[in-house]
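Reviewing the structure listed below.
Sequence lines set the chain letters: A, B, ... in the order given, protein chains first and strands last, and positions in each chain run from 1. Excluded from the calculations below are hydrogen atoms, water molecules and symmetry mates; all remaining heavy atoms, backbone and side chain alike, are included.
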Amino acid sequence: MLNHDLELRFCKARRGAIAREFSHLNPEQQKAALTTEGPLLLLAGAGSGKTTVLIHRVANLMKYGRGSDSTEVPEWVTEDDLTFLEEYVRTGAGDKARQERLCALDPAAPWTILAITFTNKAAGELKDRLARMLGPAANDIWASTFHSACVRILRRDIEKLGFASSFTIYDTDDSLRVVKDILKDLGIDDKQFPPRSVLGYISRAKDAMKLADQYLAECERSGDFRLTKIAKIYAEYQRRLWEASALDFDDIIFHTVRLLQQFDEVREFYQRKFRYVLIDEYQDTNNLQYLLASTLAGGYENFCVVGDDDQSIYRFRGATIENILSFEKQYKGCRVIRLEENYRSTKHILEASNAVIRNNQGRKGKELWTKAGEGDKLTLYAAMNENDEAQYVAARILEGYSQGRKWKDHAILYRMNAQSNQIENACKRNGIPYRIIGGTRFFDRAEVKDMVAYLAVLNNPEDDLRLTRIINNPPRGIGAKTIETAQEIARREESSLYAVIDNARMYPELERSAAKLAGFTALMGELAGLLDELPLDQFYEELILRTGYATMLESKNTVEDRTRLENVRELLTSIHGYLENAGEEPSLAGFLDEIALYTDLDSHDPDQDCVVMMTMHSAKGLEFPVVFVVGAEEGIFPGIRAIGETEEMEEERRLCYVAMTRAKEKLYLTCANQRMLFGRTSSNRPSRFVEEIPPEHLERLGRSCLPNLGGGEEGWSGMPSRSSGYGGYGSYQRPTYGGGRSAQAGQGGSRTDRDPRPQPSYGGFVRAMSGAGGGATGSARTRQPLASSPVGAGAPGGGGSLPAFQKGDTVRHKAFGQGMVLSVQKMGGDALLEIAFDQVGTKRLMLKSAAAHMEKL
DNA sequence: CACTAGGGTGGACAT
DNA sequence: CACCCTAGTG
């Protein structure tokens, strides 16, 4: 028992002793790790070691509980203990076990800690790092995304809200489909009410916690015709989801919040359970997510949020900066800690980024600083067109590679997925191994969605949407008319579509198709039987066969259908991945949950040596030594929609800030004088963001500013520029599902569009890449450069020996005719040839790709 | 009534 | 490029 003064001294010493364990952190980081009680706002700038802090904070909670942040002193503490601890703080010497015993005050059990992130990948990373630091106990920490945490809560208790606990999750495409169907059924013009925008209204209504009828009432009161119509669509949308036992992404959180608000026992259960609640990327939360988090934290109010207002880039999704800007108001007396030292980037990069973001109003205001050196200036390359731009990026990567960098040290960031195509082609041409993250996801492919739809209907027969997707796919002679009549009956009888077609003979209207419908339900019944008997993977193989899906694809036997079949089979890999990772009892429902919430980014495997291409949005939270930000033009970035809209513009600027601060050592920005996108050519000025970078940090380069070097009018583009279509979100192939949270699982299977087999390669790296990990689980979207096949032909032996072309050689090219080699310039494992053709003028070609079409005379 | 082929059109960012 | 709608045939 100590007196008051001694108690104070004890607390100080206890904190000091604990702090010793975190002495490798800077003072602010330490403070963040040691502040455990009450609401805490952690403003963490880009690259300020935020994740490290989070991990140490959790470690502290589990080891010392409230020890570092409490004025409470256990009764059994003696003066001798105090002396010991003060001595320990001074010297770090002494009985470690005694120190730990003295410092610990209610250590937190792992399952009382809830840490929420935005992506599965971030959650997985958090778990991995915690497991490394804390051992297996870390597995019991609830580290997950908003959505998976909610699904977990809902599966337990959603029946209280009237939903079946086997509910289905609809993705954005599914939601869109439902809205389109509604517009059609209600005879509403989809030009006046674009489905996407309607979904936006619905989403915002849910974010404001408004149920359909309430929203409708409000809209009617306002007298706004348009809004009233939208509200009616919302009501119908919700009705259909209800009928189908389906939840969309917003519902997952919306219903969880409702559940917690309406049922005291559920809320109290979780409020008692979670002693500590942490939210990462707080600037990206919307109102619902805020409500959810603050409700869950409502028991102990040990609510720690981490974020950076300058990195808020999901306003379009309902994220509100207000959440972070007003956290202090909502939690009176909350503590605020700022992390402003950047450990990631060089001075040039950091100061340029600061200069850009400084143009935004309405920020909390912070300046990152670094002890790092100046580094290289940023480079702006003004290209002639998108091909020139892509070629420039490829050339810089080859240069970097030849100077000893890894491919994976390079990242290419763009505003829209559609921009990836030209860059992709340039990588193919130059033999650069690359990987595209995002874009058309594996689970978005039609054939994969079809198979998932079968599984979904088996899991939940009320899922009308998925049912209509597969009922006549493969064709079974059940047409639109039959489905429509059956749907009318279902509505009339207030039963599900499946129930109607299952009893088709009872309805005279369906008499003609009854036999066909019975055939379908017999198939489904048979499959449902198999599902009980077989393990999931074997069942799936049966599914492919018995539905006739495989036969359908095989019979057509076109290239596309072969790839489709591959994709259908590839889903089996995902199932295996799930079976291996699913802890307790794997189930169809569990598998469907996991893939519904799975994103492409989650499969990004940093160990694979590939250049990474992705949108700036996807890049958040990642870092790379060399970063290319392409398409830095007015109208592209900032996008056309943002020009003239202050708020939108600020969001674009924050996006720019995020993109720039991904770079550790070298940052390139590129723009093109002319660009073809979606088949149209446009001419844009360089982005205003580039102009906001002070000249002392920026070096400007550009062919358009230099004398005409090559002579060729089209810049460097030796390749016919329309060879493979522009728009499009990437014709792409076989990504796979890496399986759950183990980001380190061996990922390998890399394939090309045309040929699913591993291709012969000219350099060791591609082979190494495709062979890594046995290709068992496969990586999301690894591609081998297509160039490998032509080069294989052109370079006998396939090794490093390049076909020999020298300055002065006369050559004949299949497309360009006869010409003379003007120069040969080595670049990475390739070389750039400058050739003066008799007919078409001077062209620059990459040796490896040109070799296949060219012979020496 | 089911199915296929052909033409027109409209496209961010993502859980 | 992927979608939706239309026209025409089995």
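- Scanning atom types as modelled, one donor and one acceptor separated by under 3.5 angstrom connect the side chain of A/T172 and the base of B/dT15.
- Nucleotide B/dC1 holds its P atom 12 Å from the CD atom of A/E509, rounded to whole Å.
- The phosphate of B/dT15 (OP1 or OP2) has no side-chain N or O of A/N286 nearer than 4.0 angstrom.
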Grab the N/O contacts between the protein and nucleotides 4-10 of chain C below 3.5 Å, and write none if there aren't any.
residue	atom	partner	partner atom	Å
C/dC4	OP1	A/K180	NZ	2.9
C/dC4	OP2	A/R177	NH1	3.3

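- In summary, the aromatic rings of A/F118 and A/H147 are positioned with their centroids too far apart to meet the 6.0 Å limit.
- Straight-line distance from the CZ atom of A/R512 to the C1' atom of B/dC1: 7 Å, rounded to whole Å.
- Checking B/dT15, B/dC1, B/dA12 against the side-chain heavy atoms of A/R641 singles out B/dA12 as nearest.
- Along DNA chain B, the nucleotide closest to A/R476 and the one closest to A/H147 are compared, and the more 5′ of them pairs with A/R476.
- Across all strands, A/N472 comes closer than 4.0 Å only to sugar-phosphate atoms, never to a base (heavy-atom distances).
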Return a table of donor-acceptor pairs under 3.5 angstrom between the side chains of residues 466-473 of chain A and protein atoms on other chains or two or more places apart.
residue	atom	partner	partner atom	Å
A/R466	NH1	A/D463	OD2	2.8
A/R466	NH2	A/I169	O	3.2
A/R466	NH2	A/D174	OD2	2.9
A/T468	OG1	A/D464	O	3.2
A/T468	OG1	A/L465	O	2.8
A/R469	NE	A/D450	OD1	2.7
A/R469	NH2	A/A446	O	3.2
A/R469	NH2	A/D450	OD1	3.2
A/N472	OD1	A/R476	N	2.5
A/N472	OD1	A/G477	N	3.2
A/N472	OD1	A/I478	N	3.2
A/N472	ND2	A/I478	O	2.9
A/N473	ND2	A/D450	OD2	3.0

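- In this structure, A/K449 pairs ionically with A/D171, as a charged nitrogen and a carboxylate oxygen lie closer than 4.0 Å.
- Judged by atom type and distance alone, A/R415 reaches the base of B/dA12 through a side-chain donor-acceptor pair under 3.5 Å.
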